[in-house]
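Structure first, commentary second.
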Amino acid sequence: MTEKEEIIRLLEEKKELLLQFEQISDGMYRIPMEELQHSIGKRQALVNKMQKLDERIELLCSGLEPMVCEAVYNRCNRGDVDEELGTIFDKALETKAVARRVLKNQDGIRQRIEIEQIRTREQIQKLNASSSVVAGRYGQAVRTGKNSGAIRKSRETKV
């Protein structure tokens, strides 16, 4: 396999990883909050794999003529390259199209996570408030002697 064929293969692999990333991201709108962390972890694993592919592509490009890098990063016109570089150009463009869709959806996912954080914070505040009220009533009852239940019964049995 030539270096150019390897670049094409790596671009295709990156596109497949991006499609998986997109699928996980789309699912994050529908899954329960408890499962979001797992999805975030899966996405991060895909990002790590894509970074390794980018490093490999960059390494391969650096050893070839500059026009290969231009095709990989779509910094030239499609008509300015031969058929082999045109294939690289096209694969890179397909990969970028998926990446753009993924980036476009990130704001919605971020908003969902922020909304869930706010809801969780509000629930914690409600629990803390109700716990404080119960604790305050119990403390007042103990101080004033107006309690019921186990404390009164334990005092009666001690006397």
Query raised in the report: Could you walk me through whether T2 and E84 pass the side-chain contact (heavy atoms from CB on, under 4.5 Å) check?
Result: CA-CA 11 Å; T2 67; E84 190 176 31; 4.2 Å; yes

Report summary line: dist C61:SG -> I88:CD1 (nearest 0.5 Å) comes out at 7.5 Å

Requested in this report: Give, for atom CG of D80 and atom CZ of R75, the distance between the pair rounded to the nearest 0.5 Å.
Outcome: 14.5 Å

Report summary line: Here the gap from T95 atom OG1 to E16 atom CD, rounded to the nearest 0.5 Å, amounts to 9.0 Å

**Report entry** NZ on K52 to NZ on K14, rounded to 0.5 Å
**Finding:** 14.0 Å

Query raised in the report: So does K49 have more than 12 non-hydrogen atoms from other groups sitting under 6.0 Å from NZ?
Result: no

Requested in this report: Quick one: do L10 and L60 satisfy side-chain contact (heavy atoms from CB on, under 4.5 Å)? Show the steps, please.
Outcome: CA-CA 10 Å; L10 292 171; L60 288 168; 3.6 Å; yes

Query raised in the report: Below 4.5 Å, heavy atoms only, C-beta onward: do E55 and L59 meet side chain to side chain?
Result: no

Requested in this report: Measure the spacing between SG of C69 and CG of N74 and express it to the nearest 0.5 Å.
Outcome: 12.0 Å

Requested in this report: Before accepting this row, confirm whether a basic side-chain N of the pair K91/E94 lies closer than 4.0 Å to the acidic partner's carboxylate O.
Outcome: yes

Query raised in the report: Would you say the side chain of Q23 lies within less than 4.5 Å of the side chain of L19, judging by non-hydrogen atoms?
Result: no

Report summary line: Correct closest heavy-atom pair for M67 and C76 would be CE-CB, 3.7 Å

Report task. Determine whether V47 and M50 make a side-chain contact, defined as any pair of heavy atoms from C-beta on separated by less than 4.5 Å. Result -> yes

Report task. Could you walk me through whether L36 and R112 pass the side-chain contact (heavy atoms from CB on, under 4.5 Å) test, one step at a time? Result -> CA-CA 10 Å; L36 275 176; R112 160 110 199 272; 4.0 Å; yes

Query raised in the report: Do V72 and E58 come close enough that some side-chain heavy atom pair is under 4.5 Å?
Result: no

Contacts under 3.5 angstrom, residues 101-108 side chains, donor-acceptor by atom type, not counting sequence neighbours:
from: R101; atom 1: NE; to: E22; atom 2: OE2; distance (Å): 2.8
from: R101; atom 1: NH2; to: E22; atom 2: OE1; distance (Å): 3.0
from: N105; atom 1: ND2; to: R101; atom 2: O; distance (Å): 3.3
from: Q106; atom 1: OE1; to: R43; atom 2: NH1; distance (Å): 3.1
from: Q106; atom 1: OE1; to: R43; atom 2: NH2; distance (Å): 3.0
from: Q106; atom 1: NE2; to: V102; atom 2: O; distance (Å): 3.0
from: D107; atom 1: OD1; to: R110; atom 2: NH2; distance (Å): 2.7

Requested in this report: Verify the cluster assignment for M33 and I115: are they in a single hydrophobic cluster under the rule of side-chain heavy atoms below 4.5 Å apart?
Outcome: no

Query raised in the report: Considering only heavy atoms from C-beta outward, does the side chain of R78 approach that of L93 to under 4.5 Å?
Result: no

Query raised in the report: Would you say V68 and E3 make side-chain contact, with heavy atoms under 4.5 Å?
Result: no

Query raised in the report: Is there side-chain contact between L46 and I24, with at least one heavy-atom pair below 4.5 Å?
Result: yes

Query raised in the report: Within a strict 4.5 Å, meaning less than it, do heavy atoms of the L64 and I7 side chains meet?
Result: yes

Report task. Mind listing the closest non-hydrogen atom pair of A92 and A71 along with its distance? Result -> CB-O, 3.9 Å

Requested in this report: May I ask whether I8 and F89 are part of the same hydrophobic cluster, defined by side-chain heavy atoms of I, L, V, M, F, W, Y residues being less than 4.5 angstrom apart, directly or through others?
Outcome: no

Query raised in the report: Going through the distances and angles, do E122 and I118 end up as a side-chain contact (heavy atoms from CB on, under 4.5 Å)?
Result: CA-CA 6 Å; E122 287 172 352; I118 291 168; 3.6 Å; yes

Report task. Name all residues meeting the side chain to side chain donor-acceptor pair (under 3.5 Å) criterion together with E13; count only those two or more places apart in sequence or in a different chain, and write none if there are none. Result -> R9

Query raised in the report: Roughly how far, to the nearest 0.5 Å, is the CG atom of L11 from the CD1 atom of I57?
Result: 4.0 Å

